[in-house]
Amino acid sequence: MTDRPAVDRRAFLAALGSAGVGSLAGCSALGGDSAETTSTAAPTERVDDDVARDLAARFAPTLYFEADETWFPTDPRSYASDRDGETVVDGFDALDGYHATQRETGERAPEPTVFYNVVGYEGSSLTAVQYWFYSVFDQFTTNFHWHDWEVLHVFVDTADDEPVPQLYVASSHSRSVPNNEFLDPDPARPPRVLSELGSHSSALSLNDRADRFQRLPTGGTFADITNRAFDRIEDAAEIPIAYGLPRDEGARLPYVVPELDGAPVYEDERLPSVTRDSLVGEALTVRSFDALSSPPTDLPARSTGLVFAPETAGDSDADIEYALVPAGEVEHIAAFTGPQLSFEFAVPGFVEDAIASHLTTTSAPWSQPRYADPAADISDPTHRSALAERYDVVDAPSTLNTLFVRVTEAVTDADAPDGEGVTTRESGVESVLLLESDPEAAPTFGGLGVLRGVPAGEHRLTVNGAGAAPHSETVRVGDAGSGPASATETESSSGDGDGETVTTAGVDGEVPLVARESATKVEVDADGTDRDLAALALEDDFGGRLYDAPLSGPDAVYVHRGGAYTVEVRDSDDELGAFRVNPDPVNGESDSDGDAAPDPIPSVRIDEPRTGKASLSTFLADISAETAAAVAAVDDDSDGADDSDDSAETDTPNDSTGTAASGGRENAVRGLAQALDSVAEAARRAAERAEAGDRGRADESLDTVAARLERVAERLAAARGELPGSLSRATDRRLEQARRRSEQARAADTL
């Protein structure tokens with residue numbers, strides 16, 4: 001989460017535009033225009049037109065759209081024009097023309113059309129039937145672009161008279177999000193595709209409930225996908241990894257209004273037929289994620305709307321019949337064009353960065369490798385392994401680098417003293433993930449985020465949630481080298497011989513977000529230190545470790561103001577430094593109602609963080625004094641108690657510290673407070689001596705600290721019944737941390 005100049009993603013995309021960055025929309029982890037597209041061992045060839053038509057009709061899907069859907073599959077030829085002798089479809093022409101037709105004809109779905117492409121693998125009975133769906137626009141949360149091509153692949157074996165389906169692959173939100181796939185489907189049941197609102201990414205429905213997506217088997221039914229779960233990752237061990245369908249999984253994810261030149265697209269004079277009502281409904285939309293003070297709680301539930309069936313299906317209960325057209329009839333279209341759209345994607349750098357991006361458009365399907373080689377779009381390694389075993393023309397999967405994270409919400413802990421502890425819970429709103437190396441954001445499902453096919457190396461991962469302060473960290477994926485990092489790796493396999501290197505971001509895979517109204521930004525300025533700082537971590541007394549990532553240069557982390565934190569830095573020599581941070585739980589609280597823009601987020605800054613004995617000793621003094629003050633406040637007479645005599649280096653405080661045996665509640669509480677004060681005094685002395693370069697005497701003071709911490713433990717045991725339960729638990733946790741930091745301080749080589 002290094003502070004760096006704001007990343008201008010508009011310029012980034014423009015610079016890479018000639019390489020086809022914009023063509024990545026709608027591609028899977030293994031497909032699209034990626035340079036790492038998996039190839040097959042044999043080429044494919046077009047199937048005879050009559051055979052192709054019969055296969056396309058046999059497996060043509062029924063399509064289920066959400067009630068609020070605006071952009072249905074249509075024919076792009078209606079919006080084509082000539083540009084320098086080439087046929088193109090301009091984004092303005094398509095979007096405005098589509099809505100003009102809707103208004104003029106009263107039809108919700110003008111020219112309903114699905115295009116099919118059928119290819120056979122040479123020397124094999126494996127054939128792939130592709131169904132391509134074109135929509136004039138894509139608006140999915142913070143992902144949107146002109147034009148949208150989605151695809152369903154149906155892999156069939158044509159060795160016998162009756163073709164047998166082998167695998168369904170329904171396209172997901174991006175090339176990094178695993179597709180929804182099903183191995184060995186029932187030949188008697190053609191696929192059903194459930195289209196996501198606005199984005200048109202596809203879930204599968206193969207169970208008896210036609211318009212529902214079912215991730216896990218339940219009630220005697222099977223799951224609608226056979227994607228595997230990650231082995232040895234607790235939070236995903238039982239969950240098939242693929243984006244599902246929010247309307248069926250109870251997910252909540254607000255949408256953002258697409259902007260063009262800084263204004264909503266419907267205000268552009270080149271789109272006279274496009275109004276606010278043309279986009280996803282206002283009830284599901286926010287102006288921007290950071291325009292809210294807290295995550296929204298009133299997003300309406302989703303529901304099924306129009307149902308489309310192929311015109312070849314005969315009698316059907318569908319609302320609309322679509323034309324089934326060979327994709328070859330539109331292959332003359334050279335390009336789908338449109339200017340850069342944008343959205344704000346906040347990054348918690350040292351200075352707030354707003355990353356404006358998104359994809360300008362999507363490429364024509366026939367320009368993508370998966371058009372000729374559909375197997376390139378199989379995103380689940382177990383499915384590729386299964387087809388590779390059956391057909392020599394399909395290569396076994398190569399090892400993939402996958403990034404996994406579970407996004408939660410940080411809230412105050414009821415077991416902690418007021419303003420002194422947080423915990424995490426499941427978030428009620430889905431989030432989006434963005435790698436700085438990839439211009440397309442990916443959504444979470446059930447709080448889980450998966451980015452597959454990540455190139456080996458160091459990446460910047462940012463997590464955004466509506467009404468939440470952003471999270472950003474550096475992660476090292478694959479063979480990125482050694483060094484401090486939050487990410488951990490595991491080889492995940494299902495016994496089929498395929499490997500997958502899974503990197504977990506956050507702390508043990510968890511990233512907690514904080515509501516903006518409750519957030520404080522902790523800034524760490526590493527400039528000016530005499531050590532090469534390599535890692536930053538942050539932990540709360542009750543919530544434990546909440547952040548742990550590589551560090552280079554200035555950094556920033558958002559925390560909940562209701563916590564009490566230890567900020568830890570580690571240098572390249574593995575030396576530690578620690579700093580106590582207690583945000584004001586009241587300062588900066590938003591007065592907004594959750595819909596208005598929140599007040600600015602307050603910040604706490606740590607300048608020139610150091611490592612070694614002095615830093616750790618100062619931390620010991622701070623946490624001990626903080627706890628002593630909290631304990632002393634319990635007794636009205638604690639202010640008048642005698643202080644321990646710490647003028648001599650001894651582990652025995654003045655007799656005035658008192659014990660529970662010497663009489664009652666006041667003595668027990670006072671004794672604990674004074675024992676903590678004595679630790680703070682010895683720790684301050686250790687810090688002073690370390691600063692002066694006196695290693696020997698600094699270690700003597702740290703020995704005294706260790707001894708006095710044991711006295712604190714005795715006093716705490718005596719006073720436990722006289723302290724509020726929350727304070728007793730907080731003192732336990734701080735004592736445990738003080739002991740750990742005391743050992744680290746004594747072991748430190750750096751002063």
Side-chain angles (χ1 to χ4, degrees), residues 412-413 415-422 520 522 539-543 559-567 578-587 604 606 615-646 653-654 656-660 664-688 701 704-705 708-742:
T412 55
D413 191 328
D415 290 335
D418 289 343
E420 297 187 22
V422 300
T520 289
V522 177
E539 62 184 60
D540 172 75
D541 290 350
F542 280 72
V559 300
H560 195 290
R561 285 199 289 273
Y565 302 97
T566 298
V567 177
F579 311 88
R580 191 66 173 162
V581 173
N582 292 89
D584 184 346
V586 177
N587 177 39
V604 175
I606 299 174
S615 171
L616 293 168
S617 297
T618 300
F619 169 81
L620 284 166
D622 291 344
I623 196 171
S624 299
E626 172 191 333
T627 310
V631 170
V634 172
D635 191 285
D636 292 338
D637 297 329
S638 60
D639 289 340
D642 294 334
D643 293 331
S644 58
D645 181 4
D646 296 310
N654 187 295
S656 64
T657 57
T659 68
R665 175 181 184 277
E666 294 180 2
N667 283 338
V669 174
R670 186 177 302 122
L672 175 59
Q674 292 177 342
L676 286 162
D677 276 334
S678 72
V679 172
E681 182 60 29
R684 291 190 192 96
R685 187 173 295 112
E688 292 170 357
S701 295
T704 300
V705 167
R708 291 185 179 180
L709 284 173
E710 296 310 308
R711 184 63 58 87
V712 169
E714 297 173 4
R715 296 289 191 262
L716 178 58
R720 191 175 301 280
E722 310 301 334
L723 294 174
S726 60
L727 179 57
S728 178
R729 289 187 288 271
T731 305
D732 275 332
R733 286 165 169 76
R734 293 171 189 169
L735 175 59
E736 179 182 355
Q737 184 177 181
R739 283 169 164 166
R740 174 161 50 95
R741 300 298 178 183
S742 173

Exercise. Where is the tightest heavy-atom contact between Ser624 and Leu676, given as atom of each residue plus distance?
Worked result: CB-O, 3.6 Å
Seminar exercise, completed: CZ (Arg685) and OG (Ser617) are apart, to the nearest 0.5 Å, by 12.0 Å
For this session: Looking only at non-hydrogen atoms, find the nearest pair between Ala718 and Ala668 and report the distance.
Result: O-CB, 4.1 Å
For this session: For residues Ala416 and Gly421, report the shortest heavy-atom separation together with the two atoms involved.
Result: CB-CA, 3.6 Å
Problem set entry | Contacts of Asn582 that satisfy side chain to side chain donor-acceptor pair (under 3.5 Å) - sequence neighbours left out | Glu626
For this session: In sequence, state the C-alpha distance, the side-chain angles, and the governing distance for Leu709 and Leu735, and then conclude on side chain to side chain contact (heavy atoms under 4.5 Å, CB included).
Result: CA-CA 7 Å; Leu709 284 173; Leu735 175 59; 3.9 Å; yes
Exercise. Listed by chain and number, what are the side chain to side chain donor-acceptor pair (under 3.5 Å) partners of Arg684, not counting sequence neighbours?
Worked result: none
For this session: With the side chain counted from C-beta on, respond yes when Val581 and Ile606 share a heavy-atom pair under 4.5 Å apart, and no when they do not.
Result: yes
Problem set entry | Test item: Thr731 and Arg720 side chains (from C-beta on) under 4.5 Å apart, heavy atoms | no
Problem set entry | Min side-chain heavy-atom separation Leu672-Leu723 under 4.5 Å | yes
Exercise. Between the side chain of Arg708 and the main-chain N/O of Ser678, is any donor-acceptor distance below 3.5 Å?
Worked result: yes
Exercise. At what distance, to the nearest 0.5 angstrom, does CZ of Arg734 lie from CZ of Arg580?
Worked result: 5.0 Å
Exercise. Is any side-chain heavy atom of Arg741 closer than 4.5 Å to a side-chain heavy atom of Ile623?
Worked result: no
Exercise. Can you tell if the side chain of Asp541 reaches within under 4.5 Å of the side chain of Glu420, non-hydrogen atoms only?
Worked result: no
Exercise. If every non-hydrogen atom of Thr618 is compared with every non-hydrogen atom of Ala687, which pair is closest and at what distance?
Worked result: OG1-CB, 3.5 Å
Seminar exercise, completed: With sequence neighbours left out, the residues meeting side chain to side chain donor-acceptor pair (under 3.5 Å) with Asp540 are none
Seminar exercise, completed: Distance col, row Glu722:CD vs Asn667:CG, nearest 0.5 angstrom, shows 10.5 Å
Exercise. Of all heavy-atom pairs between Leu727 and Ala630, which one has the smallest distance, and what is that distance?
Worked result: CD2-O, 3.7 Å
Problem set entry | Interatomic distance, Asp418 atom CG to Asp413 atom CG [nearest 0.5 angstrom] | 11.5 Å
For this session: Tell me, please, whether Phe542 has Arg729 positioned over its six-membered ring: NZ or CZ under 6.0 Å from the ring centre and within 45 degrees of its axis?
Result: no
Seminar exercise, completed: Given the options Val422, Thr520, Thr412, Arg561 meets side-chain contact (heavy atoms from CB on, under 4.5 Å) only with Thr520
Exercise. Should we say atom CD of Glu714 is surrounded by more than 12 heavy atoms from elsewhere, each under 6.0 Å from it?
Worked result: yes
Exercise. Where do Ala628 and Ala673 come nearest, in terms of heavy atoms and distance?
Worked result: CB-O, 3.6 Å
